[in-house]
Amino acid sequence: MAKITAGVATSHVPAVGAAVDMGRTQDPYWKPMFDGYEFSKTWMKSNTPDVAIVIYNDHASYFGMEIMPTFAIGVAESFEICDEGYGPRPIPVVDGAPELATHLAASLILDDFDMTVLNVLEVDHGLTVPLSLMFGTPDKWPAKIIPVAVNVVMYPQPSGERCFAIGKAIRRAVEQFDEDLDVQVWGTGGMSHQIQGARAGLINLPWDQQFMDDLINQPEVLQYKPHLEYMIEAGSEGVELIMWLIMRGALGENVDEVYRFNHVPGSNTSVGHLILTPSADTDKTEA
Amino acid sequence: MKPDFEQFKDIPGTTIFTIEKAREGFHLNQFCMSLRKAPNREKFLADERAYLDEWDMTEDQKQAVLTRDFQKMLDNGGNVYFLAKIFATEGLSYVQAVSTMTDMNVEQYQAMMLAGGRNIEGWRSKKERGEA
Ligand SMILES: [Fe+2]
């Protein structure tokens, strides 16, 4: 049986990808941020999953305005890297996990989550920056990836409750997959940031840290936080954090905090990162 | 549930990209999407007006693009992730482009970010700020 062994949350700042690609990670500006991910890269070497389900959003990179799916899942063999206007990032193509992805898509639809099924998808910084942060710069990514794209760009985004619930449904679906696979779920985006308007540059680190605490300890309460509060307190783009609730929903009732990191600023963003594992008691209660 | 698009209007200095705004800005944002392709980027930079005239955009939207008035683009239904294709075409970073929407120059904006970003105190509500 497949099993969810860990959850990762991380910001996915595009400039971080550029810093990796241009070899600037040791520049004085970037070094403190990349140093914060050294633990994670080491941890990942001994905890490499077979498959990572990466919850992310497209930033007008692959999806235009013709089609704006609320929840979409990539079921392809592989996913090319988007040209976001600067040329595609020079990183390996992302290999998919078509069998698990197909099982997941079907399970979720039968559980009343009406997924858009993507047989073709190019992935942008929302997905590739987390890969670079967690895996470094290998010639080939060490895990298969299932992209799950969430609309966080256009209001109404899915509610926090819906995100938390789909996370729980992902957990059930993975556990019902017959192959023995080690699966992680990654929630990406955030934390507080706003990249438009006169209020651009907004950062709210105390709010971000409270969000992390609540995500770990009381997601059942956190799920009801309205979009409006994210937008006021974490900035118009901070609403991306609803994607972390999907990851949290997939980990079961209780989690152990393996690692936590905050850094301000990464470009315009409050960078936040968590590694969580399902608690042993969570596994017991659900067995 | 009845949608409430008014709830965002009190957030100062912020344009929330709602489903209504998305409809208003459709052609502007689609023009931006075309700039994902390198040949289109070259064509746009070679003659911006001619390139814009190929799109079913309003004159206000075209003027906003020609003058790189990002706030005006937002007001006319643009979304920043789409608009990013315009400044990426010119090789500008988010920080460089985003700072133009604030009352700071890029150096001041960068200094603010390095010092921890814009503090939220005073930026929660137009009413609180006496702007509404
Ligand atoms: Fe993002």
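What you are looking at is a predicted structure, and each value in this text was computed from that prediction instead of being measured. Lettering follows sequence order; numbering is per chain, from 1.
The contact list for residues 187-194 of chain A toward chain B, using heavy atoms and a distance under 4.5 Å, reads A:His193, A:Gln194 by residue number. Near-neighbour residues of residues 145-157 of chain A relative to chain B, defined by a heavy atom under 4.5 Å from a heavy atom of that chain, comprise A:Val153, A:Met154, A:Tyr155, A:Pro156. The contact list for residues 222-237 of chain A toward chain B, using heavy atoms and a distance under 4.5 Å, reads A:Leu228, A:Met231, A:Ile232, A:Glu233, A:Ser236, A:Glu237 by residue number.
Ranking B:Ala88, B:Gly91, B:Ser93 against chain A, the residue ahead of the rest is B:Ala88, based on heavy-atom pairs under 4.5 Å. With chain A as partner, the option from B:Thr89, B:Asp75, B:Ile16, B:Leu35 having the largest number of non-hydrogen pairs under 4.5 angstrom is B:Ile16. Top candidate by heavy-atom pairs under 4.5 Å with chain B, chosen from A:Ser270, A:Ser61, A:Gly87, A:Ala15, is A:Ser61. In terms of heavy-atom pairs under 4.5 Å with chain A, the best-connected choice from B:Met104, B:Met33, B:Glu121, B:Met112 is B:Met33. Counting heavy-atom pairs closer than 4.5 Å to chain B, the top-ranked of the candidates A:Ala18, A:Ala200, A:Pro14 is A:Ala200. Between chain A and the options B:Asn40, B:Asp10, B:Leu74, the largest number of non-hydrogen pairs under 4.5 Å is found for B:Leu74.
With a 4.5 angstrom heavy-atom cutoff, B:Asn29 touches chain A only via side-chain atoms. Contacts between B:Leu28 and chain A at a heavy-atom distance below 4.5 Å are absent for every atom of the residue. The contact between B:Gln71 and chain A is made entirely by side chain atoms (from C-beta outward), counting heavy-atom distances below 4.5 Å. Contacts of B:Ile19 with chain A are made by both backbone and side-chain atoms, with heavy-atom separations under 4.5 Å. For B:Arg41, the part lying under 4.5 angstrom from a heavy atom of chain A is the side chain only. Only the side chain of A:Asn204 comes within contact range of chain B, with at least one heavy atom under 4.5 Å from a heavy atom of that chain.
Atom CG of B:Leu45 is surrounded by more than 12 heavy atoms from other residues, nucleotides or ligands within 6.0 Å. The environment of A:Arg24 atom CZ is sparse: at most 12 non-hydrogen atoms of other residues, nucleotides or ligands sit within 6.0 angstrom. Around atom CD of B:Glu48, more than 12 heavy atoms belonging to other residues, nucleotides or ligands sit under 6.0 Å away. Annotation: B:Arg23, atom CZ; neighbour count of heavy atoms from other residues, nucleotides and ligands within 6.0 Å does not exceed 12.
Taken to the nearest 0.5 Å, the CE atom of B:Met113 stands 4.0 Å off from the CD1 atom of A:Ile203. The line from CG of A:Asn268 to OH of B:Tyr94 is 9.5 Å long, rounded to the nearest 0.5 Å.
No donor-acceptor pair closer than 3.5 Å links the side chain of A:Gln196 to the backbone N or O of B:Asn79. At least one donor-acceptor pair closer than 3.5 Å links the side chain of B:Arg118 to the backbone N or O of A:Ala198.
Between B:Phe82 and A:Met65, the closest heavy-atom pair is CZ-SD, 3.4 Å. Across every non-hydrogen atom of B:Val95 and A:Ser267, the tightest pair is CG2-OG, 3.7 Å. For the pair A:His59 and B:Lys85, the tightest heavy-atom approach, listed with the atom from each and the gap, is O-NZ, 3.0 Å.
Under the salt bridge (Lys or Arg N to Asp or Glu O under 4.0 Å) criterion, no residue pair touches residues 114-130 of chain A, with sequence neighbours excluded.
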Discussion item. I'd like to know whether B:Tyr81 forms a side-chain contact (heavy atoms from CB on, under 4.5 Å) with A:Asp58, so could you lay out the CA-CA distance, the side-chain angles of the two residues, the decisive distance to 0.1 Å, and finally the verdict.
Written reply: CA-CA 9 Å; B:Tyr81 294 124; A:Asp58 181 81; over 6 Å; no

